[in-house]
Amino acid sequence: QLQLVESGGGLVQPGGSLRLSCTASGDSLGYYAIVWFRQAPGKEREGVSCISGVTRTTYYAGSVEGRFTISRDNAKNTVYLQMNSLKPEDTAVYYCAADGTVRSMSVCVMNEYGMHYWGKGTLVTVSS
């Protein structure tokens with residue numbers, strides 16, 4: 001049973017940086033695609049970035065492309081989301097999820113279908 005825990009959230013000024021971590025236990029993360037979602041108060045949850053398992057294919061939402069970088073360290077069973085040039089509109093609870101479908105090996109998608117495992121989220125607040 002895969003379990004995911006997010007960490008690294010906090011309060012940061014606009015233009016600042018944070019690195020979020022998604023650490024897995026219970027199973028090896030190497031074959032799973034990992035997707036970062038976020039949800040701001042009163043808004044729908046949206047995909048932010050994802051990285052596939054074996055092929056390490058990455059994808060970014062247009063709103064974060066060029067500012068965020070997703071990576072993984074399978075030896076540490078961890079996926080990271082480096083967030084630079086943060087904006088107030090990045091304020092949200094950030095969740096990581098693992099894709100339990102076979103596509104996870106080579107592709108990643110930013111929708112909730114197939115996301116069998118979720119963390120509880122970590123809050124990122126970008127404010128002056």
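Predicted, not measured: the structure shown is a model, and the values here were computed from it.
Checking side-chain atoms of R45 against main-chain N and O of R38 turns up no donor-acceptor pair under 3.5 Å. Looking at N77, its side chain does come within 3.5 Å of a backbone N or O of L29 through a donor-acceptor pair. Here the side chain of Q39 pairs no donor or acceptor atom with the backbone of E44 at under 3.5 angstrom. Within the 3.5 Å criterion, the main-chain N or O of D99 finds a donor-acceptor partner in the side chain of S104. T122 places a side-chain N or O within donor-acceptor distance of the main-chain N or O of G9, the cut-off being under 3.5 Å. Judged by distance alone, the side chain of E6 and the main-chain N or O of C96 form a donor-acceptor pair under 3.5 Å.
Side-chain atoms of Y117 and D27 form no donor-acceptor pair, as typed in the model, at a separation below 3.5 Å. D73 and T78 share no side-chain donor-acceptor pair at under 3.5 Å. T55 and S52 share a donor-acceptor pair across their side chains, judged by distance under 3.5 Å alone.
Looking only at side-chain heavy atoms (C-beta outward), L86 and Q13 stay at 4.5 Å or farther from each other. In this structure the side chain of M105 never reaches within 4.5 angstrom of the side chain of T57, judged on heavy atoms. Using a 4.5 Å cut-off on side-chain heavy atoms (C-beta onward), N84 and F68 make no contact. Between S127 and P88 the shortest side-chain heavy-atom distance does not fall below 4.5 Å. For the pair V109/R103, a side-chain contact is recorded, criterion being any heavy-atom separation below 4.5 Å from C-beta on.
Considering every non-hydrogen atom in both S17 and Q82, the closest pair reads CB-NE2, 3.9 Å. Of all non-hydrogen atoms in R72 and I34, the two that sit nearest each other are NH2-CG1, 4.3 Å. Nearest heavy atoms, S49 versus L81: CB-CD1, 4.1 Å. Shown here for A98 and L4, the closest heavy-atom pair between the two residues is N-CD1, 3.7 Å. Nearest approach of A92 to A40, heavy atoms of both residues: CB-N, 3.8 Å.
Linking ILVMFWY side-chain heavy atoms closer than 4.5 Å, directly or via other members, places Y94 and M115 in two distinct hydrophobic clusters. No path of Ile, Leu, Val, Met, Phe, Trp and Tyr side chains, each step under 4.5 Å between heavy atoms, connects V64 with Y80, placing them in separate hydrophobic clusters. I51 and Y95 are members of different hydrophobic clusters when ILVMFWY side chains are connected at heavy-atom separations under 4.5 Å. A single hydrophobic cluster is not seen to contain both V79 and M110; linkage of ILVMFWY side chains at heavy-atom distances under 4.5 Å, directly or through other members, places them apart. Linking Ile, Leu, Val, Met, Phe, Trp and Tyr residues whenever their side-chain heavy atoms come within less than 4.5 Å leaves V126 and V93 in two separate clusters.
In this structure, F37 has its ring center under 6.0 Å from that of W118.
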request  = Test I70 against W36 for side chain to side chain contact (heavy atoms under 4.5 Å, CB included), laying out the working first.
outcome  = CA-CA 9 Å; I70 192 168; W36 285 98; 3.6 Å; yes
The test is side chain to side chain contact (heavy atoms under 4.5 Å, CB included); show your working for Y59 and C108 and say whether it passes. CA-CA 7 Å; Y59 189 79; C108 68; 4.1 Å; yes
Q.
Walk me through whether T125 and L123 qualify under side chain to side chain contact (heavy atoms under 4.5 Å, CB included).
A. CA-CA 6 Å; T125 302; L123 176 63; 3.8 Å; yes
Please lay out, stage by stage, how K120 and V5 fare under the test side chain to side chain contact (heavy atoms under 4.5 Å, CB included). CA-CA 7 Å; K120 294 182 178 180; V5 178; over 6 Å; no
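Note that the OG atom of S85 and the CZ atom of R67 stand 7.0 Å from one another [nearest 0.5 Å].
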